[in-house]
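Notes to accompany the following structure.
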Amino acid sequence: MSGKPKRIGVLTGGGDCPGLNAVIRAVCKTAMFDYDLEVFGIEDGYLGLIQNRIKPLTSMDASGILTRGGTILGTSNKANPAQYAIGYDENGDPRFEDVTDRCLEHLRHHHIDALVLIGGDGTMSGAAPFIEAGINCIGCPKTIDNDLVGTDLTFGFLTAVETATEAIDRLHTTAMSHHRVIVVEVMGRNAGWIALHSGVASGSDVILIPEIPYDLGKVCEFVEERSRWGKRFSLICIAEGAKSVGGEQVVAKIDPTSPDPVRLGGIAEILADDIERVSNIETRAVILGHVIRGGTPISADRVLATQFGHHAIEVLMNGESNRLVVCQDMKITDIDIRKAANKQRMIPADHPLIRAARAVGTCFGD
Ligand code: F6P
């Protein structure tokens, strides 16, 4: 692409999260009002690009959506144009095809010369063939997991933490009344950011994250010790990707057609059974699952999403190419989009919040 774009496409890819509509709004309004650009919405992430489901957006489409959860464009966490599932072979294995050319044809047909990609590492990885073909791709970092490399914060994360914290607060009172252990599982894929933050915010007694494999004996000793000194209940906040020392992550489902086929989930039930068996304390498991991905974004996410969407258009109109908008040290800036592809940002073992949590008596099962 040469010169400044006149027409841009916007898509939301990967799992949805609160704040997607706030970014779409900021992208559309900045592009339309400040730069007189035409904006086209691509439905269901890369899937809409593959299937040519691309439609012009008006300022009315971008109006009244700041507070709405989900995405008005729809999303998909299955379609990657470079490796698109087109059916199954005789062994029942999926067959893949590179449909990048088809997508490029659709972009040419609509005269779209730049893309704003709102997504996580999968969406940013999917940008590679378009960058190679000369399409300017600007990314906005989305995911409740907060695991995108290069940014301290992704929008959607803080709302997910808020929802999880409120749920754990509610479980706290019922755990106390029944003198039970309650194991609460939160999403997060292979990273423990949601569990760490909602665990600390809710005063969970035990926080278990993928980055620190847990020792069942130590977790049981901890809840038993609490019982002995009068706290006859315990709250355990566990990330879906957590595992015991020498154990494996619990896989809920494999979707072979998805670029990231593993769906984690179910560790809470296993741990709850283990605690009841070893410590003989009545234990329940609660899996929050997709609940923390839904609903209206909290104010901090609305602000972040607005900043991200606005910055994406500024970067584009400043003539820069293939950038990912990021938040570093509380400032909105941008990095090469390729730096975020195919990587996940994990919690370092010496993270200050882990140190603070340990200092106030939280057990990490190690
Ligand atoms: O990446 C967001 C996320 O919600 C993860 O926390 C979770 O592991 C995964 O998506 C669930 O995916 P799906 O919506 O396909 O079940």
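Positions are given from 1, in the same order as the sequence printed here. As the structure lists them, so they are numbered: ligands from 1, and atoms in each ligand from 1.
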* To do: Check L264 against ligand 1 and report side chain, backbone, both or neither, counting heavy atoms closer than 4.0 Å.
  => neither
* Asked: Under 4.0 Å from ligand 1, counting heavy atoms only, is it the side chain of K253, its backbone, both or neither?
  -> neither
* Carboxylate-amine/guanidinium proximity below 4.0 Å for R345 and D121 -> no
* Asked: Thinking salt bridges, do R102 and E97 make one under a 4.0 Å N-O criterion?
  -> yes
* salt bridge (Lys or Arg N to Asp or Glu O under 4.0 Å) partner of D147, chosen from K142, R189, K343 -> R189
* Asked: In terms of residue, atom name and distance, what is the protein heavy atom nearest to atom 1 (O) of ligand 1?
  -> D145 OD2, 2.6 Å
* **Heavy-atom nearest option to atom 12 (O) of ligand 1, drawn from R263, K142, M187** => R263
* Asked: For I144, is at least one N or O under 3.5 Å away from an N or O on ligand 1?
  -> no
* Any idea which of R189, R293, E240, Q344 brings a heavy atom closest to atom 11 (C) of ligand 1? -> R293
* **Identity and separation of the nearest protein heavy atom to atom 16 (O) of ligand 1** => H290 NE2, 3.1 Å
* Between Q51 and D44, a side-chain donor and acceptor under 3.5 Å -> no
* Ring geometry between F155 and F308 (parallel below 30°, tilted from 30 to 60°, perpendicular above 60°) -> perpendicular
* Report yes if the distance between the aromatic ring centroids of F233 and H179 is under 6.0 Å, otherwise no. => no
